[in-house]
Amino acid sequence: MPARRPPPVLLVTAFEPFGGFSSNPSMEVLAGLRAPPGCRLVRATLPVAFAAAAESVPRILDQARPAAVISLGLAADSPGLRLERLANPLWAEPGQSPRPEQRLEGPGVRFTTLDIDDLALRLCRAGLPAAVSQDAGRYLCNFVYYLVLGWSARHQIPALFMHLPPTPRLAAEHALRTGRILPSMDVERMTRAVQIAAAQITARRARKAAGATESP
Ligand code: PCA
């Protein structure tokens with residue numbers, strides 16, 4: 001009997017809590033995510049520290065050998081879902097400017113190959129406020145995205161970074177601490193959005209595997 005091909009892996013990464021927040025919405029979304037049809041879902045939660053991320057991200061990618069990657073992180077001031085188009089090699093702690101040596105190895109800015117304009121449209125049509133962003137910042141989300149996009153370019157797989165707003169609970173905790181209200185979105189909606197993104201990013205792979213050509 002011929003050996004069955006293992007199902008393609010969708011790797012979804014989240015981040016640990018940081019910056020005084022008691023949780024990271026990316027972890028909450030990751031916990032509720034289901035594998036898209038025909039795929040195996042591999043979850044990884046990353047530390048919010050440059051050296052640890054630089055060590056763990058390549059290792060996780062090499063172990064999981066994903067056919068697609070979605071990375072998630074918190075953008076505390078974002079009023080909706082931000083689909084990141086690109087990652088910058090420069091990195092710095094919040095509120096600081098990158099020093100000349102704070103630059104990842106690579107050819108310059110890296111772009112996702114996923115049609116995120118179409119994804120933003122689909123999410124908005126599903127009642128989930130989303131927009132494309134041209135700047136993932138200079139902190140860990142951008143840093144991890146740069147590493148992931150490098151791996152994904154070498155292995156010719158699609159990758160996406162989605163920034164999430166705080167949950168209502170995190171926004172309420174922040175208001176208690178600071179008196180300032182942050183925008184928020186509930187975990188159920190954010191999970192639905194990531195599930196739609198997962199379907200799109202893996203469907204593209206399925207079409208490719210079936211030998212279909214890109215439609216105009
Ligand atoms: N957000 C931060 C790092 C971890 C996270 O969830 C960022 O936007 O870089």
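Quantities reported herein were computed from a predicted structural model and do not represent experimental measurements. Every number for a ligand or one of its atoms is a count from 1 in the order of the listing.
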The answer for which part of Phe18 has a heavy atom under 4.0 Å from ligand 1 is side chain
Looking at ligand 1, is there an atom of it that comes within less than 4.0 Å of some heavy atom belonging to Arg138?
no
*asked:* With a 4.0 Å cut-off on N to O distance, would you call Asp62 and Arg59 a salt bridge?
replied: no
Between Phe143 and the options Phe15, Phe161, Trp91, the ring pair (Phe, Tyr, Trp, His ring centres under 6.0 Å) test singles out Trp91
Q) Looking only at side chains, do Ser184 and Thr167 share a donor and an acceptor under 3.5 Å apart? A) no
Near Gly73 (heavy-atom distance under 4.0 Å), the atoms of ligand 1 are 6 (O)
Quick note on ligand 1: atoms under 4.0 Å from a heavy atom of His163 include exactly 7 (C), 8 (O)
What's the verdict on salt bridge (Lys or Arg N to Asp or Glu O under 4.0 Å) for Asp117 and Arg85, showing C-alpha distance, side-chain angles and the deciding distance?
CA-CA 9 Å; Asp117 302 291; Arg85 193 186 299 285; 2.9 Å; yes
- Check: Cys141 N/O within less than 3.5 Å of ligand 1 N/O: yes
- Message: Would Val48 count as a polar contact of ligand 1, with the cut-off being nitrogen or oxygen pairs under 3.5 Å?
- Response: no
Taking atom types as modelled, find out whether Ser23 and Glu28 have a side-chain donor-acceptor pair closer than 3.5 angstrom. yes
Task: ligand 1 to Ser26 polar contact by distance, N or O atoms, under 3.5 Å - done: no
### Message
Would Asn24 count as a polar contact of ligand 1, with the cut-off being nitrogen or oxygen pairs under 3.5 Å?
### Response
yes
Requested in this report: Over 60° means perpendicular and under 30° means parallel, so classify the ring planes of Phe21 and Phe18, tilted if in between.
Outcome: tilted
task = Could you tell me whether the side chains of Glu84 and Thr112 share a donor-acceptor contact shorter than 3.5 Å?
result = no
So for Tyr139 against ligand 1, with non-hydrogen atoms under 4.0 Å, the contacting part is both
The closest protein heavy-atom partner of atom 1 (N) of ligand 1 is Leu74 O, 2.8 Å
